[in-house]
2 protein chains.
Amino acid sequence: MVENQGSGARRRLTRAESRARTRQLLLDAAADVFAEKGYTGASVEEIADRAGYSIGAVYSNFEGKQQLFLELLSTRAESRIADAAQVLKDSEDAPGFRSGLGRLLTDTADQDIEFESLHAEFWLYAVRNPEAMAMLASRLQEARTGLEQLLEESLSERGESAAKPVHPLATIVFALFHGLVQQRRIDPESVPEDLFDQALSWLFAGWRADRF
Amino acid sequence: MVENQGSGARRRLTRAESRARTRQLLLDAAADVFAEKGYTGASVEEIADRAGYSIGAVYSNFEGKQQLFLELLSTRAESRIADAAQVLKDSEDAPGFRSGLGRLLTDTADQDIEFESLHAEFWLYAVRNPEAMAMLASRLQEARTGLEQLLEESLSERGESAAKPVHPLATIVFALFHGLVQQRRIDPESVPEDLFDQALSWLFAGWRADRF
DNA sequence: GTCTATAAACAGATAGAC
DNA sequence: GTCTATCTGTTTATAGAC
């Protein structure tokens, strides 16, 4: 007796898969609520509600609120930047590199408004809970490394590689990105769309001139 | 009958002054606790305790937790940067300007560790409570204006003023400052002491070259 | 003006039904 | 594996003593 499990185009929900789906829905909902209310302000009940489950479902899939947050921290911190950088790498050529980053800035500040809030929550949590700091540090380093590779490729296409390490440049670009996104959220007029490109243009020019 | 009020070097505590002193102690304690625990995580009781008062003292001097926080937001946001910039202005000449900012960065990240946490709390609060956004925006603008003046004076001493507006430069320096401080708190090795100076050097060089 | 005591609401986490 | 009910602790804010 196979029951109606193999019938139809549907059917594919192992217990493990069903559990994984629940976990995913809870994690998505948690990201939303943590971004909106902050770690302390977010309630487990609201996370569960928004995912379409009850409180019990959260505690049967995660140890608790803290572990749920840490799982997001370890898997989602900076992921948008890494992804977006990859998109830029695939879709743009060297001259479009900077304007691509400029668009990334305005998109992050104006459209994906949860990103920077969640980033700030991760940062504050790590600052207050040293045991989570190494985790965030390694995620940030991953993102910076991705950006470094992008920069190196972009520069090598222009025949100006190998002379200086781009490492500090990547760190600077990264810091500038977050700083400008934050400022644009508070006072959009003070951070016009092309300011990031402008800054990168000056920065790169000065960096190149410093090779001699 | 004057009572023993005019006697001794002490005695100077009008009710108004005594009240002002209590308010000040509560505000100082509040800044500490909000920085350590966050807006939601900070309890009125802990603020009162740390100031040496009880819960009732808070509610007799402020409308509540929210107004206490908003008073800090409206008076202390970015004040350290404005103050520090003024110190730099008074104590340093043009060539020392950049290294002065570099020291400000490491001090802010390593010594006055409450500053950036409180800044992040202000930012998150404003992002989540639009009625407070204009207040933070104006405080940020004040700080940026102060930095602008510093830049203009520093540049005019080198005879290269008036050609271009420094406004965008001030915004960039500001964003970079916060971005690097945040990154240094998480991963100090990725933000060496002279990175900020290095970045400013490249940025200014590129900016100058862009005049033509 | 500040304190103590308390009210009223809400949180994270657990136990047991299904 | 998920839900309902509940336990326990904590929170903001207020009322009334002093």
Side-chain angles (χ1 to χ4, degrees), chain A residues 3 5 11-73 121 124-125 128-129 132, chain B residues 3 5 11-34 36-73 121 125 128-129 132:
Chain A
E3 280 196 6
Q5 292 194 351
R11 175 60 201 125
R12 192 180 297 181
L13 277 146
T14 317
R15 288 64 147 189
E17 284 171 336
S18 172
R19 181 183 173 85
R21 181 175 168 278
T22 301
R23 276 180 62 92
Q24 193 56 49
L25 289 171
L26 287 170
L27 283 167
D28 291 343
D32 291 351
V33 180
F34 282 135
E36 283 178 29
K37 310 284 183 70
Y39 174 72
T40 314
S43 73
V44 175
E45 187 176 22
E46 182 165 1
I47 293 171
D49 280 357
R50 200 164 316 188
Y53 292 92
S54 65
I55 297 178
V58 173
Y59 286 95
S60 70
N61 283 279
F62 301 92
E63 286 178 23
K65 182 181 174 179
Q66 183 167 341
Q67 197 233 329
L68 180 53
F69 184 78
L70 286 173
E71 186 137 334
L72 283 175
L73 170 53
E121 285 296 327
L124 281 167
Y125 189 92
R128 290 165 183 158
N129 303 88
Chain B
E3 280 197 8
Q5 292 194 350
R11 174 61 200 130
R12 193 180 297 179
L13 277 145
T14 317
R15 289 69 151 181
E17 284 171 335
S18 173
R19 181 184 174 86
R21 181 175 168 278
T22 301
R23 275 180 63 93
Q24 193 56 50
L25 289 171
L26 287 170
L27 283 166
D28 291 342
D32 291 351
V33 180
F34 282 135
E36 283 178 29
K37 309 284 181 70
Y39 174 72
T40 313
S43 73
V44 175
E45 187 177 23
E46 182 165 3
I47 292 171
D49 280 356
R50 200 163 319 186
Y53 291 92
S54 66
I55 298 178
V58 173
Y59 286 95
S60 71
N61 282 279
F62 302 92
E63 287 178 23
K65 181 181 174 179
Q66 183 167 340
Q67 197 234 329
L68 180 53
F69 184 78
L70 287 173
E71 186 137 334
L72 284 175
L73 170 53
E121 284 297 327
Y125 189 92
R128 291 166 182 157
N129 304 87

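Since the model is a prediction, treat every value here as computed from it, not as a measurement. Below, chain A is the first sequence line, B the second, and so on; all start at residue 1.
Atom-to-atom, CD of A:Glu46 to P of C:dC10 comes out at 13 Å; the value is rounded to the nearest Å. In this structure, A:Ile47 atom CD1 and C:dA13 atom C1' are separated by 14 Å, rounded to whole Å. As a whole-Å value, the separation of B:Glu63 CD from D:dT14 C1' is 15 Å. One can place OH of A:Tyr59 at 5 Å from C1' of C:dA13, the figure rounded to the nearest angstrom. The distance between atom CG of A:Leu68 and atom C1' of C:dG12, rounded to the nearest whole Å, is 13 Å. The separation between B:Phe62 atom CZ and C:dT2 atom P is 10 Å, rounded to whole Å.
Taking A:Asp28 as the reference, A:Arg76 meet the salt bridge (charged side-chain N to carboxylate O under 4.0 Å, His left out) condition, with sequence neighbours excluded. Applying the side chain to side chain contact (heavy atoms under 4.5 Å, CB included) test to A:Ala29 and every residue at least two apart in sequence or in another chain returns A:Ile47, A:Arg50, A:Ala51. Scanning for salt bridge (charged side-chain N to carboxylate O under 4.0 Å, His left out) contacts around A:Lys37 gives A:Glu46, with sequence neighbours left out. Listed by chain and residue number, B:Arg23 satisfy the salt bridge (charged side-chain N to carboxylate O under 4.0 Å, His left out) test with B:Glu71 (two or more places apart in sequence, or in another chain). Evaluation of the side chain to side chain contact (heavy atoms under 4.5 Å, CB included) rule for A:Thr22 yields A:Leu26, A:Tyr53, A:Asn61 as partners, not counting sequence neighbours. The side chain to side chain donor-acceptor pair (under 3.5 Å) test applied to A:Tyr125 returns A:Gln66, not counting sequence neighbours.
Panel note: side chain B:Gln67, backbone B:Glu63; a donor-acceptor pair is recorded below 3.5 Å. A donor-acceptor pair under 3.5 Å is absent between the side-chain atoms of A:Gln24 and the main chain of A:Arg21, judged by distance alone. Judged by distance alone, the side chain of B:Arg128 and the main-chain N or O of A:Ala35 form a donor-acceptor pair under 3.5 Å.
The side chain of B:Lys65 lies closest to D:dT12, out of D:dT12, D:dT2, C:dA13.
Comparing the local axis fitted to the first five base pairs of the helix from C:dG1-D:dC18 to C:dC18-D:dG1 with the one fitted to its last five gives a bend of 0°, rounded to 10°.
A heavy-atom distance below 4.5 Å is found between the side chains of A:Glu121 and A:Tyr39.
Within 4.0 Å (heavy atoms only), B:Ala42 reaches sugar-phosphate atoms of the nucleic acid but no base atom. Note on A:Ala16: nothing from the nucleic acid sits closer than 4.0 angstrom, heavy atoms only.
A pairwise comparison of heavy atoms in A:Val58 and A:Ala48 identifies CG2-CB, 3.9 Å as the closest pair.
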Can you give one letter per nucleotide of nucleotides 3-10 of chain D, 5' to 3': B if a protein heavy atom sits under 4.0 Å from the base, S if only from the sugar-phosphate, - if neither? BB------
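Only A:Thr22, listed by number, bring a heavy atom of residues 18-39 of chain A to less than 4.0 angstrom from any atom of DNA chain D.
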